[in-house]
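Take a look at the structure below.
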Amino acid sequence: MENKEDRPLNFIEKIIEDDLKEGRVPDNKIVTRFPPEPNGYLHIGHIKAICINFGLAEKYGGTCHLRLDDTNPAKEEQEYIDSIKDCIHWLGFDWGEKTYYASDYYDQLFDIAVRLIKEGKAYVDSLSPEEMKEYRGTLTEAGKNSPDRDRPIEENLDLFMRMKNGEFPEGAYTLRAKIDMASPNINMRDPALYRIKYAEHPRTGRKWCIYPMYDYTHPISDAIEGITHSICTLEFEDHRPAYDWATGIDGIEHTPHQYEFARLNINYLLMSKRKLLYLVNNNYVTGWDDPRMPTIAGIRRRGYSPESMKDFVQRVGVAKVESVVDYSLMEFCVREDLNKRAKRLMAVLDPLKIIIDNYPEGQVEYFDAENNPEDPSAGSHKVAFTRELYIEKEDFMEVPVKGYHRLYPGNEIRLKHAYYITAVSVEKNEDGSIKAVHCTYDPASKGGTTADGRKVKGTSHWVSAVHSVKAEVRQYDKLFKAENPGAATGNYLDDLNPESLIVIPEALVEEEARTAKAGEYLQFIRNGYYMADSRDSSPEHIVFNRTVTLKDSWSKMKTKMGL
RNA sequence: UGGGAAGUAGCCAAGCGGUUAAGGCACUGGUUUUUGAUACCGGCAUUCGAAGGUUCGAGUCCUUCCUUCCCAGCCA
C-alpha cells in the first residue's frame with residue numbers, strides 16, 4: 001500500500017487505508033463503482049470521478065464496477081451507454097466482463113419494497129406532485145403527514161401491485177418510505193421510492209411501468225454489488241442519511257458507505273449538460289464531439305491525450321472544497337505529455353515566399369528531420385529543400401523591432417534542419433505588400449551548423465514551395481472568453497469567444513504530414529500541438545485540429561512592449 | 001431565520017499542538033538550446049476567513065462572528 005507517486009494521501013485514500021488496516025473491508029478487497037446515468041455524454045468533470053473510482057481500485061488491488069444508473073427511462077438511451085463505455089476505455093480503464101445496470105436489480109428492488117410495505121415502512125400515496133410539495137414543508141418549516149400515510153398495509157400492498165400492473169396513470173400514486181415528515185433534512189421527509197412511468201426502457205423495454213428512485217436504488221445497488229466505498233460528489237451529502245436508511249433495511253447484508261468529494265470545475269469551461277445541449281442544438285458548435293466541447297469526445301478529437309487528463313486530475317487532487325481549477329493547469333498537463341510523444345513536423349500557417357537566389361534552380365535536397373528531440377528512439381523523416389520556400393509571415397520583418405531576432409534584411413537565421421540564410425532584398429506587389437523575400441544561403445551551413453561555430457539567434461521552420469502539401473488547419477481556442485461564462489451579463493452566450501475557431505483553409509505542411517492519422521500526436525514546430533481530425537480529414541483533404549499552442553514568451557514580450 | 005458542508009498565495013493543495021507554513025500551476029528573473037518550445041537554476045504566504053480564548057508553544061484545541069456552496073423532482 002505504499003504511496004508510489006510520493007504524493008500525500010487524499011482524504012478518501014486515508015479512509016480506505018484506515019479501513020483496510022482495521023480489517024473493515026471484506027477480504028481486504030475494496031470495491032468502488034462509477035455510476036453514470038446514461039442520459040448524456042461524459043465530460044471532463046466525469047474524468048475526475050472515473051479516475052477516483054477506477055484509480056482507487058487499481059491502487060488498492062480492488063475492483064471498480066461500471067454501473068449504468070438507468071432508473072429513469074424517460075431520459076436514457078442506448079447511444080449514451082455506448083458512448084460512456086467508449087470514453088472510459090479511451091481513458092485506459094476497464095471494468096472487466098460484467099457491466100452492471102441498476103435495472104438488473106428491478107426484481108430485487110421490487111421485492112424489498114413489498115417487504116417494506118408489509119413491515120409498515122412504506123406506503124402508497126395518492127398525493128399529486130403539487131400536493132406532495134405542499135405537504136413536504138419548506139427548508140425552515142416541518143412538513144406534515146400525507147393523509148395516506150396510515151393506509152392499511154393490505155391496501156398498500158394491493159395498490160402497489162396494481163401500480164406495477166399498470167392499472168393507474170402516471171402520477172396517480174407513488175410508493176413512499178415512512179420516515180419523518182418533520183426531519184430537518186428534506187430528503188428524509190418520506191422520500192418517494194417508486195413512481196409510475198410509461199416509457200420504453202433501453203434494457204427492460206416495457207416490462208415495467210413503475211421505476212425506483214435514486215435514493216432507493218443507489219444504496220441497494222451498492223449493497224448488492226458489495227461496494228465498499230461509494231464515492232460521489234458533494235451535492236449528495238444531504239442524501240447520506242437516505243443512503244444509510246436504505247442500506248439499513250432489514251435483510252440487506254452488506255453495508256457500504258458513501259463519501260463525497262468536490263466536483264471538478266475549470267474556469268472558461270461550462271459543464272452544464274443543459275447549456276452544452278443548447279450550444280449543440282443551436283449550432284454554436286458542430287456537435288457533442290466538437291473539439292471545443294468539454295466532453296470527452298470533444299477533447300479526444302481535439303487531440304488531448306488520456307494520460308494528460310489523468311495527470312491533470314491527479315494534480316488537482318481530491319478534497320471537499322468547492323474549487324475552480326485554472327484552465328492553464330490543464331494546458332500545462334497536455335503540453336507536458338505531448339512534448340514527450342508528439343511527432344515534430346513543419347507546417348507554415350501564414351506563408352511568406354522565400355527565394356534563395358544562390359541556390360540552384362530545380363535542385364532538391366532531402367534533410368533528416370528528427371521526429372522528436374525528446375525521444376531519440378522516435379527516429380526521423382525526410383524533408384525536401386528547394387530554392388523557393390515558405391516561412392511564416394511573422395518570421396520576417398522588413399524593419400525589425402527591438403529584440404527581434406528572426407529574418408530581416410541583412411540578418412542571418414537558420415532554417416530548421418537545413419541551412420543558414422540571410423535576407424537580401426524584398427520583392428513587393430503593386431499594393432506594397434511583400435511578394436517574396438530574396439535571400440542567400442551559406443552552403444557551408446548544411447544541416448544547420450557551420451564549422452566556424454558562429455551563432456544565429458533565430459531558427460525558422462519552413463516548407464518547400466514545390467513539395468509542400470495543402471491542409472486545412474483548424475485553430476481552436478477556448479469556447480468562452482470569460483473565466484466564468486455568463487457571470488457578467490447573466491447570459492453565457494455573451495461570453496462566447498468569437499475566435500474559438502479560426503480556419504486556415506490552405507496551410508502548407510511538409511509531405512510527411514500526409515501520413516498523420518487521427519490519434520497520432522503531432523507538434524507543428526513553433527506552432528503548437530495538432531492532431532488530424534477524426535471526422536473530416538482524408539487523404540484528399542487533410543484537416544488538422546490544434547490541440548493547444550506552445551508556450552509563447554515572444555508574444556508575451558510583444559504585448560509587454562505594446563506591439 | 002431549518003439542515004448539511006467548506007474557508008491555507010492569483011488557482012489547486014499538503015499540513016493531524018513543537019525548528020524558517022510541503023508541492024504543482026500561474027507569474028517572474030536568469031542559464032542552456034537547431035522550436036523565442038523543452039530542460040535547468042532562482043524568486044514568489046512573518047501568515048492560515050475575523051476576533052477573542054486555552055497553552056511554555058496554535059494553521060492545528062475552544063468560543064463567537066463572517067463569507068461561500070448544497071438541499072424543498074413522482075431527476076440523478
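Naming convention: chains lettered A, B, ... in sequence-line order (proteins, then strands); numbering from 1 in each chain.
Looking only at atom types and distance, the side chain of A:Gln475 has a donor-acceptor partner in the side chain of A:Tyr530 under 3.5 Å away. Remark: the A:Asp222 side chain and the A:Tyr243 side chain contain an N/O donor-acceptor pair separated by less than 3.5 Å. A donor-acceptor pair shorter than 3.5 Å can be found between the side chains of A:His381 and A:Asn371. In the model, A:Asp552 has a side-chain atom that pairs as donor or acceptor with a side-chain atom of A:Ser555 under 3.5 Å. Residues A:Asn267 and A:Asn484 have side chains that never bring a donor and an acceptor to within less than 3.5 angstrom of each other.
Using atom C1' as the reference point in both B:C74 and B:A6, the two lie 32 Å apart (nearest Å). The same atom, C1', is picked in B:C41 and in B:U55; the two are 43 Å apart, to the nearest Å. Nucleotides B:G15 and B:U47 are separated by 14 Å at their C1' atoms, to the nearest Å. A distance of about 12 Å separates the P atoms of B:U60 and B:G18, rounded to the whole Å. Going from the P atom of B:A39 to that of B:C16 covers 32 Å, rounded to whole Å. Comparing B:C27 with B:U32, their P atoms sit 22 Å apart, to the nearest whole Å. B:A9 sits 14 Å from B:G59 when the C1' atoms are compared, rounded to a whole Å. Nucleotides B:A22 and B:U63 are separated by 31 Å at their C1' atoms, to the nearest Å.
A donor N or O paired with an acceptor N or O is not found under 3.5 Å between the base of B:U38 and the side-chain atoms of A:Arg335. Side-chain atoms of A:Arg240 stay outside donor-acceptor range of the base of B:G4, with no qualifying N/O pair under 3.5 Å.
Nucleotides of RNA chain B nearest to A:Tyr529 and A:Val324 differ in position, and the one nearer the 5' end is that of A:Val324. Each of A:Lys416 and A:Asp326 has a nearest nucleotide on RNA chain B; the 5'-most of these lies closest to A:Asp326.
The nucleotide B:G36 finds no pairing partner, because no Watson-Crick or G-U wobble arrangement with both distances shorter than 3.5 Å includes it. Across all strands shown, B:G59 forms no Watson-Crick or G-U wobble pair with both distances under 3.5 Å. Summarising the base pairing, B:A21 is matched to no nucleotide, lacking a Watson-Crick or G-U wobble pair whose two defining distances lie under 3.5 Å. Applying the Watson-Crick and G-U wobble criteria (two distances, each under 3.5 Å), B:A5 pairs with B:U68.
The shortest distance between the side-chain N/O atoms of A:Arg344 and the OP1/OP2 oxygens of B:U35 is not below 4.0 Å. Phosphate contact (OP1/OP2 of B:G36, side-chain N/O of A:Thr459, threshold under 4.0 Å): absent. For the OP1/OP2 pair of B:G29 and a distance below 4.0 Å, the side-chain nitrogens and oxygens of A:Lys560 include at least one atom meeting the criterion. For A:Lys556, no side-chain nitrogen or oxygen approaches OP1 or OP2 of B:A37 to under 4.0 Å.
Residue A:Val456 is classed as having no contact, given no heavy-atom separation below 4.0 Å to the nucleic acid. Among the protein residues, A:Gly143 comes within range of no part of the nucleic acid, since none of its heavy atoms lies under 4.0 Å from any strand. Residue A:Ser555 is out of contact with every strand shown, counting any heavy-atom pair closer than 4.0 Å. Residue contacts for A:Lys320: at a heavy-atom cut-off of 4.0 Å it reaches the sugar-phosphate backbone alone, with no base atom in range. Residue contacts for A:Arg414: at a heavy-atom cut-off of 4.0 Å it reaches a base atom on one of the strands shown. Residue-level contact check: A:Arg176 touches neither bases nor backbone, having no heavy atom under 4.0 Å from any strand. Residue A:Lys457 is classed as having no contact, given no heavy-atom separation below 4.0 Å to the nucleic acid. Base engagement by A:His417 is indicated by at least one non-hydrogen atom pair under 4.0 Å involving a base atom. Base contact: A:Gln523 has a heavy atom under 4.0 Å from a base atom. Nucleic acid contact for A:Phe11: none, since no nucleic acid atom lies under 4.0 Å from a heavy atom of the residue.
Atom CD1 of A:Ile266 is separated from atom C1' of B:A13 by 16 Å (rounded to the nearest Å). Atom CD1 of A:Ile525 is separated from atom P of B:U38 by 14 Å (rounded to the nearest Å). Spacing between atom CD of A:Glu483 and atom P of B:A26 amounts to 15 Å, rounded to whole angstrom units. With rounding to whole Å, A:Asn10 atom CG is found 16 Å from B:A22 atom C1'. If you take CH2 of A:Trp554 and C1' of B:U33, they are 18 Å apart, rounded to a whole angstrom. Computed from coordinates, the A:Gln314 CD to B:C12 P distance equals 18 Å when rounded to whole Å. Residue A:Met557 contributes atom CE, which lies 13 Å from atom C1' of B:U28 at whole-angstrom precision. Counting to the nearest Å, the C1' atom of B:G4 and the CG atom of A:Asp244 are 14 Å from each other.
A salt bridge does not link A:Lys14 to A:Asp18: none of the charged side-chain nitrogens sits closer than 4.0 Å to a carboxylate oxygen.
When distances are taken from the side chain of A:Glu237 to each of B:C25, B:A37, B:A5, the shortest belongs to B:A5.
For the pair A:Lys164 and A:Phe110, the cation-pi test (distance below 6.0 Å, angle within 45°) is passed. Judged by the 6.0 Å distance and 45° axis criteria, A:Lys478 is positioned over the aromatic ring of A:Tyr268. Seen from the ring of A:Tyr101, A:Arg203 counts as a face-on cation partner, given the 6.0 Å and 45° thresholds.
Within a 6.0 Å radius of NZ in A:Lys457, other residues, nucleotides and ligands contribute 12 heavy atoms or fewer.
Taking the syn range as angles within 90° of 0, the glycosidic angle of B:G17 is outside it, so the base is anti.
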Legend entry - side chain to side chain contact (heavy atoms under 4.5 Å, CB included) between A:Lys416 and A:Val383, worked out: CA-CA 10 Å; A:Lys416 179 88 178 169; A:Val383 245; over 6 Å; no
Inset, instruction - Heavy atoms under 4.0 Å is the rule here; annotate nucleotides 69-76 of chain B 5' to 3' with B where the base is hit, S where only the sugar-phosphate is, and - elsewhere. - result: BBBBSBBB
